[in-house]
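Right, one structure below, let's go through it.
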Amino acid sequence: MRVPLSWLREYVDLPAGETGRDVQAKLVAAGLEVETVEQLGAGLKGPLVVGQVLAIEELEGFKKPIRYCQVDVGQANGTGEQQNIVCGARNFAVGDKVVVVLPGAELPGGFAISARKTYGKVSEGMICSASELGMSDDHDGIIVLPPEHEVGTDAIELLQLVDEVLDIAVTPDRGYCLSMRGVARETATAYELPLRDPALLDVPAPNSHGYPVKVADPVGCDRFTARTVTGLDPEAHSPIWLQRRLQKAGMRPVSLAVDVTNYVMLELGQPLHAYDRSRITGAIGVRRAEPGEKLTTLDGTQRVLDAEDLVITDESGPIGLAGVMGGANTEIADTAADPESGQVAGTTEVVIEAAHFAPVSVARTARRHKLSSEASRRFERGVDPEATSAAAQRTVDLLVLLAGGTAEVGVTEIIAPSAPHTITLPADHPDKVAGVSYGRETVVRRLQQIGCDVYGADDLTVTVPSWRPDLTDPNDLAEEVIRLEGYENLPSTLPRPPAGRGLTERQRLHRRVGRALAGAGYVEALNYPFLGEEVLDQFGLAADDPRRDLVRLVNPLSDTEPALRTTLLPGLLGALRRNAGRGEHDHALFETGLVFRATGDEPPAAILPVDRRPTDEQLAGLDAALPHQPRRAAVVLAGDREQAGWWGKGTPVSWADAVEAGRIVAREAGAELIVRQDQQDPWHPGRCAALLAVVDGQEILVGNAGELHPRVTKALGLPERTCAMEIELDRLEQAGTGRVEAPHVSTFPVATQDVALVVDASVPAAEVETALREGAGELLESLRLFDVFTGEQLGEGRKSLAYALRFRAPDRTLTAEEIAASRDAAVSAAADRTGATLRGA
């Protein structure tokens, strides 16, 4: 909404020195979004005057028509002699009044005017167009003024060229500010000044002599006012002050009748429509459209109507889309002269429509036909239903004043019964919401300033004004009090959360895992939790794989991903592929989040009531209808894990890096992973590890890690040897010891012993490691597999596993006998459980 400051001053007596910037600051403090303050006429300096064209000489021999004009500017040039001006426009004739800028003046943009020779003549100034004066973007020709203006009159004041315009971004809840009346009310409140309400007019009572109107849909149209004006002068044009106010507000002047309806809409916020009475047949009606009906709107487009469209009709059918745009067959006729008789033809009788339409109906119609208009913007946000009769009266008054018309005595007004909206509000409710003690008097005063009627003492009964449909409950009223008292006056206080309501252990584990993976060199990639069955086919999942039991969305964002994810890998691998396609070569990505596993036993979700809080049983029923949602962590890797450089060759990622990522996650949960060979899609069958943990004495599968199958990397367009790991955090939490405690660091020396054990090739190294740990006892500090060897000297089907064992006591230096005993006990346990023998023994 563009608000000229000069127009605003008609309704509020602002202090004389108050600028647009000052008003902007006040309105912003009151909660309005004033984006800019435009300075019209900035840099404009006179003399800029009204002139009359006395003679025109056509100059020939140039690429375009040029005219040499003699213009009377009165005493504005100091001599009273005519000005000689070269002009290329063709839309004026001898005797016309024009706007002339004389030498010594300066136009907006720093364009200085001086006498200069052009086209072989000396031009003593310039005849101005609207674009050159910053009035509009019209380049078609120069300004031709009405003949009543005297020669030599100051055109800067006449055309109101110097002004300030506030550009307000009106939010959907403040539709009343799409009018001068609404902005003036906010300004008056901000300055604590009285408001001259332009809607306070003497309106005649409705009678039976008005134009006939039939409303068949009182829900879609609860008010309809019709007035008729006859005897309009078809040659009457909008006065300059009216045109300039429309231009400053961002609208283009069209014709007097149309300009008046637009002016009243800007002034009061009530959209209006003027029909050419001679083009209407029978009574005006309001109804829903018949399917397949057609209407040509004012923009010249023929539209096929929908059964939900609310339309204005006469006996011939639809003549307008209610609240959106009128029809072309009843528009105001352009003024034209009959070439034979010389008589001027045009609209002389108009029927004025001022109605109130349902916001939802108008919004849906405008979107359905992709037809947004100034009227629909206002109806969508809420228009004051009580303003229809005042807007119609204001329009009638202006047409009578400016076009010499006569207002018929008939007044049609159809009103659907309705009661004003009231809200019960505790007087201290705004205090509780804001944390500030306003007091009852302040609350009542502020609510009355926005137009509410307030009664009561401790409990206030508030009647909401008709122009504020956004005020529906006590919190809306509290917000009005708070914003008018000033958001800047609210204290800044930190909330005090009660003890015992911090993060859960599940949330702490989630955060620890993220920090640990980031510290290990992984980058977090957050992805949408959606997938399609195509990626599961590319993974090669079997038909009975539980990851194919998808939870499908009723209204998915994308038809290609209509379900919730059952694994984190598709999103991560998609992110890896996009980065690889943009030139990245080395990747290490991770994600933590929920997956959704349907069990098939979920009951259908019940529809909860909206008039009260759901019961505990109803909430429990909703929870039961949800699929299982385990929390998981996953990583994907490709390229080099360690970069090549002067220090040596790089190290490409391998399945072992994916397994180590699983161990990093498990350590944060305080759990010990058991790693065994496995076969699981989408991993390579020979390079896939099962990640297990012990819960309640039983080993359970918590995840998988390894290198992806070559056919999967090819199908997904991934780099070769891409590796991945996915692990379930909830199961790890069950297997873990909770928070990881910092280890005790012994000050005594460490003793290292290496052992090489020969076992069958089918024995997992993890099983040998577990046996060594249990046999070595408490003195074993750490154990590491540093070599795996196979060869003829060991025999077919045998392998050698070399381990480094570190022994240390927390309270003493170990003796050689203690170290040897622990080492022998470890070897003996491995021999008993796995059949291992010392290599070389």
Side-chain angles (χ1 to χ4, degrees), residues 172-173 360 421 423-426 428-430 432-435 459 470-479 493-514 526-532 546-558 561-568 570-571 591-634 669 695-696 700 702 726-736 738-739:
D173 61 329
V360 174
H421 180 58
I423 303 172
T424 301
L425 174 77
D428 61 348
H429 182 67
K432 295 178 179 178
V433 173
D459 288 327
D470 58 300
L471 303 179
T472 59
D473 55 61
N475 282 335
D476 294 331
L477 299 179
E479 182 184 358
T493 57
L494 292 175
R496 295 182 179 179
R501 296 190 183 181
L503 298 177
T504 64
E505 186 56 39
R506 188 188 195 209
Q507 292 169 326
R508 290 192 184 99
L509 175 60
H510 188 189
R511 295 191 178 192
R512 289 201 305 270
V513 167
L526 300 177
N527 300 287
Y528 286 117
F530 312 120
L531 57 74
R547 286 171 289 181
R548 284 189 177 274
D549 296 331
L550 302 177
V551 178
R552 300 186 181 276
L553 301 172
V554 176
N555 188 22
L557 294 180
S558 171
E561 295 180 328
L564 293 172
R565 66 188 179 191
T566 55
T567 168
L568 299 179
E591 183 177 8
T592 56
L594 300 178
V595 298
F596 305 85
R597 294 291 183 89
T599 63
D601 299 328
E602 296 88 0
I607 299 177
L608 299 183
V610 297
D611 58 341
R612 62 186 181 276
R613 184 187 183 279
T615 64
D616 293 340
E617 291 77 13
Q618 289 172 327
L619 293 176
L622 278 186
D623 289 338
L626 296 175
H628 182 49
Q629 301 177 45
R631 189 179 297 270
R632 295 194 157 211
V695 177
D696 297 332
I700 61 171
V702 296
E726 186 171 16
I727 195 166
E728 189 168 321
L729 297 182
D730 293 338
R731 291 185 178 180
L732 275 181
E733 184 181 355
Q734 297 173 1
R739 292 185 178 182

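Computed over heavy atoms, backbone and side chain alike; hydrogens, waters and symmetry mates excluded.
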I want to check something: taking the side chain as every heavy atom from C-beta on, are [X] and [Y] in contact at a cut-off of under 4.5 Å?
X	Y	value
Thr599	Pro627	no
Ile727	Leu732	yes
Leu564	Val595	no
Leu425	Asp459	no
Leu550	Phe596	no
Leu553	Pro562	no
Thr566	Pro546	no
Leu619	Arg613	yes

How close do [X] and [Y] get, counting heavy atoms only, and between which atoms?
X	Y	value
Val551	Ala598	CG2-CB, 3.8 Å
Leu622	Ala605	CD2-CB, 4.0 Å
Pro570	Leu531	CG-CD2, 4.1 Å
Leu608	Pro614	CD1-CG, 3.8 Å
Ala625	Pro603	CB-O, 3.2 Å
Arg731	Val695	O-CG2, 4.1 Å

Ile607 atom CD1: more than 12 heavy-atom contacts under 6.0 Å: no
Enclosure of Asp696 CG (heavy-atom neighbours >12, cutoff 6.0 Å): no
Under 3.5 Å: donor-acceptor pair, side chain of Asp476, backbone of Glu479: no
Glu561 side chain to Ser558 backbone, donor-acceptor under 3.5 Å: no
Under the side chain to side chain donor-acceptor pair (under 3.5 Å) test, residues paired with Arg612 that sit two or more places apart: none
Side chain to side chain donor-acceptor pair (under 3.5 Å) against His510, all qualifying residues, sequence neighbours excluded: Thr592, Arg631
Value rounded to 0.5 Å, distance of CD in Gln734 from CG in Leu729: 11.5 Å
Spacing of Leu477 atom CG and Thr472 atom OG1 [to the nearest 0.5 Å]: 8.5 Å
Side chain to side chain donor-acceptor pair (under 3.5 Å) partner of Asp730, the single match among Arg506, His628, Gln629, Arg632: Arg506
Salt bridge (charged side-chain N to carboxylate O under 4.0 Å, His left out) contacts touching residues 591-603 (sequence neighbours left out): Arg565-Glu591
Evaluation steps, salt bridge (charged side-chain N to carboxylate O under 4.0 Å, His left out), between Glu505 and Arg512: CA-CA 10 Å; Glu505 186 56 39; Arg512 289 201 305 270; 3.6 Å; yes
